[in-house]
There are 4 protein chains.
Amino acid sequence: MATEAQDLVTVQDEVGRDVEPKTRKGRRSKRALLDAARVVFRERGFAHARVSDMAAEAGMSNGAFYRYFKDKHDILMALLSELSEEMYEFSRVPWQPGDPKHSVRESTLRYMELYRDNADLMRVEIEVAQTELTVHEVWRESRAMFFKRIARSLRRGQKEGIVRKDIDPDLAASLLGGMTEHYAYLQYVLKDEPQGSPKRLAEQISRIWANGVYLTDEE
Amino acid sequence: MATEAQDLVTVQDEVGRDVEPKTRKGRRSKRALLDAARVVFRERGFAHARVSDMAAEAGMSNGAFYRYFKDKHDILMALLSELSEEMYEFSRVPWQPGDPKHSVRESTLRYMELYRDNADLMRVEIEVAQTELTVHEVWRESRAMFFKRIARSLRRGQKEGIVRKDIDPDLAASLLGGMTEHYAYLQYVLKDEPQGSPKRLAEQISRIWANGVYLTDEE
Amino acid sequence: MATEAQDLVTVQDEVGRDVEPKTRKGRRSKRALLDAARVVFRERGFAHARVSDMAAEAGMSNGAFYRYFKDKHDILMALLSELSEEMYEFSRVPWQPGDPKHSVRESTLRYMELYRDNADLMRVEIEVAQTELTVHEVWRESRAMFFKRIARSLRRGQKEGIVRKDIDPDLAASLLGGMTEHYAYLQYVLKDEPQGSPKRLAEQISRIWANGVYLTDEE
Amino acid sequence: MATEAQDLVTVQDEVGRDVEPKTRKGRRSKRALLDAARVVFRERGFAHARVSDMAAEAGMSNGAFYRYFKDKHDILMALLSELSEEMYEFSRVPWQPGDPKHSVRESTLRYMELYRDNADLMRVEIEVAQTELTVHEVWRESRAMFFKRIARSLRRGQKEGIVRKDIDPDLAASLLGGMTEHYAYLQYVLKDEPQGSPKRLAEQISRIWANGVYLTDEE
DNA sequence: GATGAATGAGCATTCATTCAT
DNA sequence: CATGAATGAATGCTCATTCAT
């Protein structure tokens with residue numbers, strides 16, 4: 001009876017910032033600021049983004065920003081947390097057993113889509129991670145989740161006898177996962193090297209994986 | 001082919017900045033500022049680096065900076081030009097014909113060393129590239145040189161019949177080069193994933209390359 | 001004579017603030033805010049106290065504050081009025097005739113206790129009095145009441161022949177009253193100079209009053 | 001040979017604030033800011049003083065202020081340090097031996113003058129000391145010096161047999177010094193109680209010191 | 001009565017850049 | 001060439017106060 005909903009999250013600082021809004025209107029405003037921040041970060045990068053831009057983009061006053069966030073660093077962290085959650089969901093889905101080449105192809109495609117849809121945030125994350133420890137950490141963690149998932153699958157493959165034994169699963173996971181991640185970065189963040197559709201790309205990647213890592217029946 | 005690193009250096013503006021100083025003292029001062037800037041960039045990143053920090057680090061006055069550089073951005077570009085030259089030298093050395101696996105291993109090792117010795121600048125380059133077009137371009141070019149060299153070697157390999165024909169040399173170069181680059185980045189810039197010595201790493205990479213890309217006589 | 005403490009209370013403005021609340025709940029809320037304000041003033045001083053702190057401390061919303069008080073200054077005045085009333089009560093009690101030394105001792109003790117119990121408000125009063133005329137005035141008045149009471153007693157003593165005639169009662173009252181007041185301030189507000197219990201202190205003060213410091217040839 | 005003048009003071013923070021100016025012009029500017037700050041503090045008190053007021057009063061830009069001081073708190077401390085020095089000089093002069101009444105009178109007069117000439121700073125010091133620990137400490141120290149000097153003199157008097165033995169020198173010094181200090185405060189800061197010229201005041205104080213107030217039956 | 005969201009004036013602060021010496 | 005003082009635009013941030021619900 002006594003214990004109610006508000007007991008749950010609600011981490012606030014002395015001045016009452018970072019509060020989980022209590023009214024519908026409040027929640028809408030916080031969301032509007034998050035969305036606005038994303039737009040501003042996309043357009044200007046972190047270094048050149050101004051708090052006042054975000055407030056304006058959200059159609060609110062300057063002070064309103066500070067009801068919900070401590071500063072621009074804080075709102076970035078909030079956005080990155082949301083992104084992390086998505087990445088986590090992706091990483092939880094285990095690889096399909098059976099045809100590993102197909103699994104790699106599917107997984108790569110899905111990852112590319114995820115990266116593409118969040119390329120704006122990825123860019124800011126990378127920009128800031130060079131400098132700010134907290135962001136660096138968030139980034140490191142989501143990368144680690146991704147790599148672990150690959151390592152897990154490689155290890156299972158070694159047990160099943162379809163992955164070479166002379167491969168270190170963790171190191172190879174870093175290399176292969178990094179290869180994918182980096183390519184996505186080149187494509188969707190830097191918009192560099194636009195050779196090849198996602199499908200063709202997934203095909204090539206799975207080919208390199210397959211013949212570099214997996215013992216195929218061709219051998 | 002046309003684009004060469006040294007094009008980027010020594011542009012002078014009408015106020016006479018960025019000129020190669022006439023006197024010995026002038027040259028020494030400019031050098032001191034460049035070195036100081038590198039230290040400051042390393043310690044604080046680009047966004048948080050102050051012109052006054054660099055002057056102080058170089059043991060010079062605030063105003064002295066502006067005799068030699070237009071602003072913070074300008075001195076960064078000067079540093080990156082120097083780095084570009086090194087990368088250019090690296091990319092010019094063609095791969096040894098003959099044993100491709102050995103070639104990959106050697107080349108990877110050498111690249112890793114280069115990256116490690118310039119990790120501080122690489123970090124700033126990456127930070128700023130997300131935001132500033134000019135830096136983005138410099139970075140893109142040095143990456144392109146590196147990738148082209150790999151593509152060149154793959155194409156030659158295909159002619160010689162030691163590289164699979166179902167590989168797109170350019171795309172594969174991006175993927176494999178990116179894999180190496182990204183790993184170096186993780187190691188030396190982010191200081192993440194410290195699994196494995198450079199040697200062991202080069203070994204694993206060449207193994208993945210070899211069995212993923214090259215038709216070996218082992219098959 | 002004319003000026004009495006309760007004149008300062010219960011002024012209402014046209015918006016209806018500072019009114020004595022009609023309902024029981026209203027009265028309770030106002031009291032809660034007053035108590036909360038006292039806590040906040042004690043903890044942060046006037047300059048750093050925030051209206052929102054007081055509301056929070058009282059467990060009420062930000063807006064609620066303004067139903068009862070015009071601003072931070074207003075709620076301080078309300079608190080000081082309450083304090084004034086206490087001081088007024090203290091000053092009304094006349095000194096016991098007869099043994100003056102005993103009278104001084106008793107009176108000093110009682111004053112010290114009063115000061116100690118309200119040291120938090122005294123501190124804020126002193127802080128703000130340096131700057132705000134209204135508070136300065138309130139303070140001046142309560143001091144004046146205290147001093148007048150001493151002067152009254154000195155004058156009576158002169159008539160009775162137990163107080164030196166070469167003493168100016170008003171000036172001496174300021175000096176001696178100020179001595180007491182100041183010592184209380186050092187003790188209870190600044191928590192400085194913790195030499196001596198209240199009792200010992202009262203003893204010393206009455207001795208100085210009674211006899212002075214130097215041994216004169218009159219003795 | 002190597003050790004030169006600049007080794008001496010020169011405490012600077014990371015950004016180079018609080019520097020002892022190196023040129024004549026710089027020294028003049030810093031002085032101008034200090035003087036301006038004093039004016040502003042006098043006119044508005046600490047809480048309402050603005051950094052921009054001080055800059056304007058000194059005829060300088062906003063930013064110039066920050067070359068020499070961290071914030072308004074910092075410039076206040078600088079002013080108070082200067083004041084402390086003066087108080088220190090005052091406290092170093094020992095009391096004349098011989099006629100103690102004359103000594104008290106002279107000393108009181110001198111102290112009153114000092115207080116009067118610095119009443120503006122004293123007011124701010126008192127305002128801020130209620131809240132800020134650092135200022136509180138500075139204030140406490142100058143008071144302590146003053147009190148110690150009196151205690152010293154009382155103790156010497158006890159040895160010489162001209163001061164009552166039943167007086168605790170330290171406690172009495174607090175009380176008597178506090179009496180003087182407090183009266184000066186009432187006179188020059190609060191401009192209260194304007195009964196009596198400095199001379200008459202000094203006379204009364206020395207009388208109270210010397211003889212006490214009540215004619216006791218001991219006489 | 002009460003809530004909490006929103007506003008915006010008010011100030012502080014930083015730092016690239018210019019300038020007099 | 002070099003110095004360091006001065007400038008001022010650009011922003012950040014706080015908090016008293018009002019308002020819709």
Side-chain angles (χ1 to χ4, degrees), chain A residues 15-17 19 21-30 48-53 55 58-72, chain B residues 15 21-23 25-26 28-30 48-56 59-73, chain C residues 15 21-26 28-30 48-56 59-73, chain D residues 15-17 19 21-30 48-53 55 58-73:
Chain A
V15 202
R17 262 170 315 217
V19 188
K22 288 168 189 162
T23 69
R24 176 194 306 273
K25 196 183 174 201
R27 270 185 301 273
R28 222 183 278 142
S29 293
K30 186 170 183 182
H48 299 141
R50 273 163 300 187
V51 166
S52 56
D53 290 337
M60 314 182 78
S61 77
N62 242 351
F65 180 94
Y66 293 95
R67 178 170 193 78
Y68 301 107
F69 306 99
K70 204 168 74 64
D71 50 26
K72 76 178 172 176
Chain B
V15 201
K22 305 278 187 250
T23 72
K25 195 181 172 196
R28 222 184 281 143
S29 293
K30 184 169 183 182
H48 298 143
R50 275 164 295 195
V51 167
S52 59
D53 289 338
M54 300 175 196
M60 313 182 74
S61 77
N62 233 343
F65 180 94
Y66 291 91
R67 177 167 295 274
Y68 300 107
F69 304 100
K70 205 167 70 63
D71 52 25
K72 185 162 87 157
H73 194 268
Chain C
V15 200
K22 306 276 188 252
T23 72
R24 176 194 303 272
K25 194 181 173 198
R28 221 185 280 142
S29 293
K30 185 169 182 182
H48 299 142
R50 276 163 295 194
V51 167
S52 59
D53 289 338
M54 301 174 196
M60 312 182 75
S61 78
N62 232 344
F65 180 94
Y66 291 91
R67 176 167 294 275
Y68 301 106
F69 303 98
K70 204 167 73 60
D71 52 25
K72 187 163 83 158
H73 194 268
Chain D
V15 202
R17 261 171 316 216
V19 188
K22 287 168 187 161
T23 68
R24 176 194 307 273
K25 195 183 175 200
R27 270 184 302 272
R28 223 183 280 142
S29 294
K30 186 171 182 179
H48 299 141
R50 273 163 299 189
V51 166
S52 56
D53 290 337
M60 313 182 79
S61 76
N62 241 354
F65 179 95
Y66 293 93
R67 178 168 193 79
Y68 302 106
F69 304 99
K70 205 167 75 62
D71 49 26
K72 77 178 171 177
H73 192 270

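These values consider heavy atoms only, across backbone and side chains, with no hydrogens, waters or symmetry-generated copies. Lettering of chains follows the sequences in order, A, B, ..., and the numbering in each one begins at 1. These numbers were taken from a predicted model, which means no experiment stands behind them.
F:dA16 atom P lies 17 Å from atom OH of A:Tyr66, rounded to whole Å. If you take NZ of A:Lys70 and C1' of F:dC13, they are 11 Å apart, rounded to a whole angstrom. Following rounding to the nearest Å, B:Phe69 (CZ) and E:dT18 (P) show an atom-to-atom distance of 16 Å. Look at CZ on D:Phe65: it is 9 Å from P on E:dA12, rounded to the nearest Å. Atom-to-atom, CG of B:Asp71 to P of E:dT14 comes out at 21 Å; the value is rounded to the nearest Å. When the P atom of F:dC1 is taken as reference, atom NZ of B:Lys30 falls 12 Å away, rounded to whole Å. Atom pair B:Met60:CE and E:dT17:C1' shows a separation of 17 Å (rounding to whole Å applied). Across the protein-nucleic acid pair, A:Tyr68 atom OH and F:dT14 atom P stand 16 Å apart, rounded to whole Å.
Residue C:Arg67 has no polar side-chain atom (N or O) positioned under 4.0 Å from OP1 or OP2 of E:dG1. The phosphate of F:dA6 has OP1 or OP2 within less than 4.0 Å of a side-chain N or O from D:Ser29. Between C:Thr23 and E:dG1, a side-chain N or O to OP1/OP2 separation shorter than 4.0 Å is present. Under 4.0 angstrom from either OP1 or OP2 of E:dC15 there lies no side-chain N or O belonging to B:Ser52. Contact annotation: B:Ser61 reaches the phosphate of F:dT3 (side-chain N/O to OP1 or OP2, under 4.0 Å).
In DNA chain E, runs of at least 3 consecutive Watson-Crick or G-U pairs, each pair with both distances below 3.5 Å, span E:2-21 with F:2-21.
For the P atom pair drawn from F:dT21 and E:dG1, the interatomic distance equals 22 Å after rounding to whole Å.
Backbone-only engagement by C:Ala49 is indicated by non-hydrogen atom pairs under 4.0 Å involving sugar-phosphate atoms exclusively. D:Ala58 comes within 4.0 angstrom of no nucleic acid atom, judged by non-hydrogen atoms across all strands.
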Could you go over nucleotides 19-21 of chain F and give all protein N or O partners under 3.5 Å, atom names and distances?
none

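Applying the salt bridge (Lys or Arg N to Asp or Glu O under 4.0 Å) criterion to A:Arg28, with sequence neighbours excluded, gives no partner residue. By the side-chain hydrogen bond (donor to acceptor under 3.5 Å, both in side chains) test, C:His73 pairs with C:Thr134, sequence neighbours left out. Under the rule for a salt bridge (Lys or Arg N to Asp or Glu O under 4.0 Å), D:Arg27 has no partner lying at least two apart in sequence or in another chain. Every residue two or more places apart in sequence or in another chain that forms a side-chain contact (heavy atoms from CB on, under 4.5 Å) with B:Ala55 is listed here: B:Asn62.
Of all non-hydrogen atoms in D:Lys72 and D:Ala49, the two that sit nearest each other are NZ-O, 3.0 Å. What you find for B:Tyr68 and B:Gly26 is that their closest heavy atoms are OH-CA, 3.4 Å. The two residues D:Asp71 and D:Phe65 come nearest to each other via the heavy atoms O-CZ, 3.6 Å.
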*Would you sort out whether B:Phe69 and B:Val51 count as a side-chain contact (heavy atoms from CB on, under 4.5 Å), showing the intermediate values?*
CA-CA 10 Å; B:Phe69 304 100; B:Val51 167; over 6 Å; no

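Nearest-nucleotide positions on DNA chain E place D:Asn62 closer to the 5' end than the other of D:Asn62 and B:Val51. Nearest-nucleotide positions on DNA chain F place B:Ala64 closer to the 5' end than the other of A:Lys72 and B:Ala64.
Within the model, atoms OG of D:Ser61 and CZ of D:Arg67 stand 11.0 Å from one another, a figure rounded to the nearest 0.5 Å.
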